[in-house]
Amino acid sequence: MGDLFKIHKPTVYHTYQVKEDTNGIPYVVRSKYYNGIKFRVAKSPGMMSSPGGVISFGSENAAFFYQNEEWCSGRDIYYIDTRSIPSEACLFLVTCLQTIAGKYSYSNGLFPDLLRREFIKLPVDAAGCPDWEYMKDYMSYIHCVVSSLPILH
């Protein structure tokens, strides 16, 4: 992973430092539910938010989520800078990253140095580089298939 991406630690905002606002930006915490989002918060002047188009993960739950919009972070959250690849390819990557999540826990957290040393299997192109276009097309196909399924009540 370290050969492919930069991993960042965003500015930490504790719950008491943010104000809930349904029209605000996501507040991402160490949860494996709801894309890691606890609630939305007002973006205050001087707040250092994290960019959209990245994959977030918590060190103690090792759940990976694609954050498609600007967000701010709670404690022990990191992100993989994936802004250079298509969002659909990021969703493919999230699925691949989840395969390593079981190796980590609250007492054995996934911190950036450990993630940089992890290897995951990805489709590659003729040059041996990750085939982001294939991943994008694959996830777009899956989305079309799932969208066409009937809703059962």
Side-chain angles (χ1 to χ4, degrees), residues 1-123 129-140 142-144 146-147:
M1 286 297 298
D3 292 340
L4 291 176
F5 300 106
K6 300 271 188 230
I7 301 171
H8 301 274
K9 176 160 182 49
T11 302
V12 173
Y13 294 96
H14 299 283
T15 305
Y16 68 86
Q17 294 176 294
V18 295
K19 182 180 179 198
E20 191 170 350
D21 179 352
T22 56
N23 297 315
I25 63 173
Y27 178 54
V28 177
V29 298
R30 295 168 295 163
S31 171
K32 59 183 176 181
Y33 303 106
Y34 308 112
N35 221 46
I37 300 169
K38 183 171 184 173
F39 46 70
R40 289 181 168 272
V41 299
K43 185 174 178 194
S44 58
M47 178 182 274
M48 298 293 297
S49 61
S50 297
V54 300
I55 296 173
S56 66
F57 67 97
S59 61
E60 292 148 349
N61 66 11
F64 297 89
F65 297 108
Y66 179 67
Q67 302 299 336
N68 67 335
E69 62 181 304
E70 174 185 20
W71 54 285
C72 68
S73 169
R75 194 168 68 86
D76 293 331
I77 299 292
Y78 302 90
Y79 72 87
I80 304 164
D81 193 346
T82 52
R83 290 178 285 177
S84 64
I85 63 175
S87 59
E88 298 89 346
C90 289
L91 295 174
F92 189 103
L93 182 58
V94 164
T95 303
C96 296
L97 285 164
Q98 283 306 131
T99 64
I100 64 169
K103 293 170 49 178
Y104 299 95
S105 65
Y106 185 82
S107 60
N108 179 33
L110 176 60
F111 292 94
D113 285 343
L114 293 171
L115 181 57
R116 285 183 191 101
R117 294 192 298 252
E118 284 287 349
F119 289 90
I120 58 170
K121 293 182 179 183
L122 296 172
C129 298
D131 193 340
W132 304 120
E133 196 62 31
Y134 172 84
M135 292 180 239
K136 175 187 169 207
D137 292 345
Y138 182 84
M139 292 307 283
S140 294
I142 295 295
H143 178 76
C144 287
V146 170
S147 297

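All residue numbers in this chain count up from 1 along the given sequence.
Contact of the P26 side chain with the E69 side chain is registered, since non-hydrogen atoms from C-beta on lie closer than 4.5 Å. Looking at heavy atoms from C-beta onward, F92 lies in side-chain contact with P123 at the 4.5 angstrom threshold.
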Verify side chain to side chain contact (heavy atoms under 4.5 Å, CB included) between T15 and V29, making sure each step is shown before the conclusion. CA-CA 10 Å; T15 305; V29 298; 5.7 Å; no

Mind running side chain to side chain contact (heavy atoms under 4.5 Å, CB included) on D21 and Y27 for me, showing each step along the way? CA-CA 10 Å; D21 179 352; Y27 178 54; over 6 Å; no

Would F64 and L93 count as a side chain to side chain contact (heavy atoms under 4.5 Å, CB included) if you check the C-alpha gap in whole Å, the side-chain angles of each, and the deciding distance to 0.1 Å? CA-CA 9 Å; F64 297 89; L93 182 58; over 6 Å; no

Side chain to side chain contact (heavy atoms under 4.5 Å, CB included) evaluation trace for V54 with R83: CA-CA 6 Å; V54 300; R83 290 178 285 177; 3.9 Å; yes

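More than 12 heavy atoms of other shown residues, nucleotides or ligands fall within 6.0 angstrom of atom CZ in F5. Counting non-hydrogen atoms of neighbouring residues, nucleotides and ligands closer than 6.0 angstrom, the NZ atom of K9 exceeds 12 such neighbours.
Pairing each heavy atom of L114 with each of G109, the nearest pair is CD1-O, 3.3 Å. Here the shortest heavy-atom pairing between V41 and F39 reads CG1-CE1, 3.4 Å. Closest of all the heavy-atom pairs between R30 and G58 is CG-CA, 4.4 Å. Here the closest non-hydrogen pair linking S49 and I25 is CB-CD1, 4.1 Å. In terms of heavy atoms, S31 sits closest to F65 at O-CE1, 3.4 Å. Pairing each heavy atom of W71 with each of P10, the nearest pair is CH2-CG, 4.1 Å.
No donor-acceptor distance shorter than 3.5 angstrom exists from the side chain of T22 to the backbone of R40, with no hydrogens or angles considered. With hydrogens and angles ignored, the 3.5 Å screen pairs no side-chain donor or acceptor of T99 with any backbone N or O of T95. A donor-acceptor pair is defined here as one N or O able to donate and one able to accept, closer than 3.5 Å; no such pair exists between the side chain of N35 and the backbone of Q67. No donor-acceptor distance shorter than 3.5 angstrom exists from the side chain of Y138 to the backbone of E88, with no hydrogens or angles considered. A distance-only check finds no donor-acceptor pair linking the side chain of R116 to the backbone of G2 [under 3.5 Å].
How far CE of M1 is from NZ of K6: 12.5 Å, rounded to the nearest 0.5 Å. Taking CG from L4 and CD1 from I85, the interatomic distance works out to 9.0 Å, rounded to the nearest 0.5 Å. Interatomic distance, CG of L91 versus SG of C96, reported as 11.0 Å (0.5 Å rounding). Note that the CD atom of Q17 and the OG1 atom of T11 stand 10.5 Å from one another [nearest 0.5 Å]. Considering NZ of K32 and CD of Q98, their distance stands at 10.0 Å, rounded to 0.5 Å. Taking CG from D137 and CH2 from W132, the interatomic distance works out to 14.0 Å, rounded to the nearest 0.5 Å.
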